[in-house]
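Protein chains get the first letters and strands the later ones, always in sequence-line order, with residue 1 at the start of each. These values consider heavy atoms only, across backbone and side chains, with no hydrogens, waters or symmetry-generated copies.
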There are 2 protein chains.
Amino acid sequence: MAGDLQKRRIPEATVARLPVYLRILLELAESKTATISSERLAELAGVNAAKVRKDLSYLGSYGTRGVGYDVEYLLFQMSRELGLNHDWPVVIAGIGNLGSALANYGGFTERGFPVAALVDADTTKVGRSLGDLEIRHVDELPQLVDELGIAIGVIATPAHVAQGVADKMAEAGIHSVLNFAPAVITVPDGVSLRKVDLAVELQILSFYQQHRHEQTV
Amino acid sequence: MAGDLQKRRIPEATVARLPVYLRILLELAESKTATISSERLAELAGVNAAKVRKDLSYLGSYGTRGVGYDVEYLLFQMSRELGLNHDWPVVIAGIGNLGSALANYGGFTERGFPVAALVDADTTKVGRSLGDLEIRHVDELPQLVDELGIAIGVIATPAHVAQGVADKMAEAGIHSVLNFAPAVITVPDGVSLRKVDLAVELQILSFYQQHRHEQTV
DNA sequence: ATGTGTGAATCGGTTCACAGCC
DNA sequence: GGCTGTGAACCGATTCACACAT
C-alpha cells in the first residue's frame, strides 16, 4: 500500500456531513464506545445507513465487515481528512450584535477555531476590548493574517459593506470565508465561501408553514 | 381545464433560493427599477440565468418574453408564495450568548419575524428582561404559542437539551423549528426543521482549506 | 450470522438549447 | 431582436441490493 495519492475526490454533500459524523464519534468516544455500525451511526446522524457507508467509504475502507467501525480509528482518520489536527485561527469582521456574540461564543475555540482577531471599520469601536481581544481596524487585516496565521474570515458586518470586507480578506490572503451578512458576495478563485443567512432560513420555514396543507410526504 | 389546483410542487432547492431573489427584488424596487431580466437577476443572485428562469417558472408565468420580469409584480407573487404577507412571530429558546444576540438582532423583526417571546429553563434567568421582553420559563410554551400566535421556534440552547426543547415546541403546536444547537434533533411529522451549525460550517471550510492544492475546479 | 463496500438503478436538480411570444 | 418558458440531456447524489470479508 504505497500511499493513497488523491485517489478519491470526496463529493460536496459528503463533506458537509463529515462534521456531523465527527461530532457523534466524539460523543461515542467519550462514552467509551469502541465500535459502531453504520446502522447505529446513521440513526444518530439522522440519515440512512447506506449513506453512512458510502460517505465513510470515501475516506477509505476503515470498517470491518461483520463488526462495524472502530470509533477511535475512524475519529482519527476523519479528523485528519477534515484538517482538524491543528487549529485554524479565525478573524471576525464586524463587531456589532452578531459579531460580538460570535466572539464570545465558546463553541468555536472549543472545536479548534480560536478567535484570534476582531476587526471593524468603525473607528469608535477600534481600540475597545472584547474578552481578551482588542478590536482592530479592518485595514490591519494583512498584518493580522500574517502575524496570527489567520486562516478563516467570518463576516458579520451589515450587508452593504460585506463585499468590501470579503475583498479585503481575500487580498490579505484569507482562503476561507464564512458570510453572515444578508448579501450575495463573490470571492476570487481559490477562496472557499460559505454563507449563513438567518432571515433566509426563517423565510424557508415560512414557505413550508404556508404550504402545510399540501402534503409534505 | 378546471383551474390549476396544486399544479406545481416547488422543488426544495428552488424554495431555498427564493428568499435570495426576494431580497434582491426588494433592493431593485427601492432603487426604482421597473423590470429585470433573468440574466441580470442571476448575476445579482450569484447563479446562472437558466436556473433563475426555471425557479421563477415554478411560481407561474410572470415574465414577459423580450422584456423580462416586472419587479413589483414578481415581488408580490413571491412574497405571497413565501407566506410573507403577514408576520410570523418567533420564540427563542435558550437565552445564552447566542440566544441574546439573536433576540437583539434587528434583522428578524425587520423581515417579518418579530421575536415575540424568550424562554429558558434556567430559573435564575426567568423574569429578567431583554429588550422589551421578559424571559419566561420554557414550560410556559403552550400558553405563549397560544396567546402570541407563535409560529416558529428557534433553539439556541446547549446541545444536550436541544431535543427536549424541540419536543416541547412540537407539543406546544409549533410547526417550524430552526435549530442552532450543535446536535442532531428530530421532530414529528408535519413539523419543518432547519439547522444552522456554526462549527460545522467552519469544519467544512477547514476541509477545503486542507485540500486546497487538489484543484477545486 | 453480521455488517461493510460498492456497482447498478434511481432520483432530484442543473444546464442546454430552442420554440414561442413580445 | 430579445428574453422567457420548458422539454431533453446531463450530472451529482441517494438508495438499492448483494457479493464479500470476518
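- Remark: C1' of D:dT6 and OH of B:Tyr58 are 10 Å apart, rounded to the nearest angstrom.
- The list of ring-ring contact (aromatic ring centres under 6.0 Å, His included) pairs with a residue in residues 179-207 of chain A, not counting sequence neighbours, reads A:Phe207-A:His211.
- Between A:Val15 and B:Tyr208 the shortest side-chain heavy-atom distance falls below 4.5 Å.
- As rounded to whole Å, 16 Å separates atom C1' of D:dT6 from atom CD1 of B:Ile10.
- In this structure, A:Leu26 and A:Leu75 have side chains that are in contact, with non-hydrogen atoms separated by less than 4.5 Å.
- Straight-line distance from the CZ atom of B:Arg9 to the C1' atom of C:dG12: 14 Å, rounded to whole Å.
- Across the protein-nucleic acid pair, B:Asn48 atom CG and D:dT4 atom P stand 13 Å apart, rounded to whole Å.
- Taking the side chain as every heavy atom from C-beta outward, A:Val71 and A:Leu74 never approach each other to under 4.5 Å.
- Residue contacts for A:Arg40: at a heavy-atom cut-off of 4.0 Å it reaches no nucleic acid atom on any strand shown.
- Contact annotation: the side chain of A:Asp197 approaches that of B:Arg23 to within less than 4.5 Å [non-hydrogen atoms, C-beta and beyond].
- Taking the six-membered ring where the residue is Trp, the centroids of A:Tyr73 and A:Tyr62 are separated by under 6.0 Å.
- Here A:Lys51 reaches the OP1 or OP2 of D:dT15: one of its side-chain N or O atoms lies under 4.0 Å away.
- Bending across the helix from C:dA1-D:dT22 to C:dC22-D:dG1, expressed as the angle between its end axes from five pairs apiece, amounts to 0° (10° rounding).
- The CG atom of A:Asp55 sits 13 Å away from the P atom of C:dT6 (whole-angstrom rounding).
- Put simply, CG on B:Leu74 is 15 Å from C1' on D:dC3, counting in whole angstrom units.
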Dump every N/O contact between nucleotides 1-5 of chain C and the protein below 3.5 Å, one line per pair.
residue: C:dG3; atom: O4'; partner: A:Gly66; partner atom: N; Å: 3.1
residue: C:dT4; atom: OP1; partner: A:Ser38; partner atom: N; Å: 2.6
residue: C:dT4; atom: OP2; partner: A:Ser38; partner atom: OG; Å: 2.5
residue: C:dT4; atom: O2; partner: A:Arg65; partner atom: NH1; Å: 3.2
residue: C:dG5; atom: OP1; partner: A:Tyr62; partner atom: N; Å: 3.4
residue: C:dG5; atom: OP1; partner: A:Gly63; partner atom: N; Å: 2.9
residue: C:dG5; atom: OP2; partner: A:Tyr69; partner atom: OH; Å: 2.8
residue: C:dG5; atom: O4'; partner: A:Arg65; partner atom: NH2; Å: 2.9
residue: C:dG5; atom: N7; partner: A:Arg53; partner atom: NE; Å: 3.0
residue: C:dG5; atom: O6; partner: A:Arg53; partner atom: NE; Å: 3.4
residue: C:dG5; atom: O6; partner: A:Arg53; partner atom: NH2; Å: 3.2

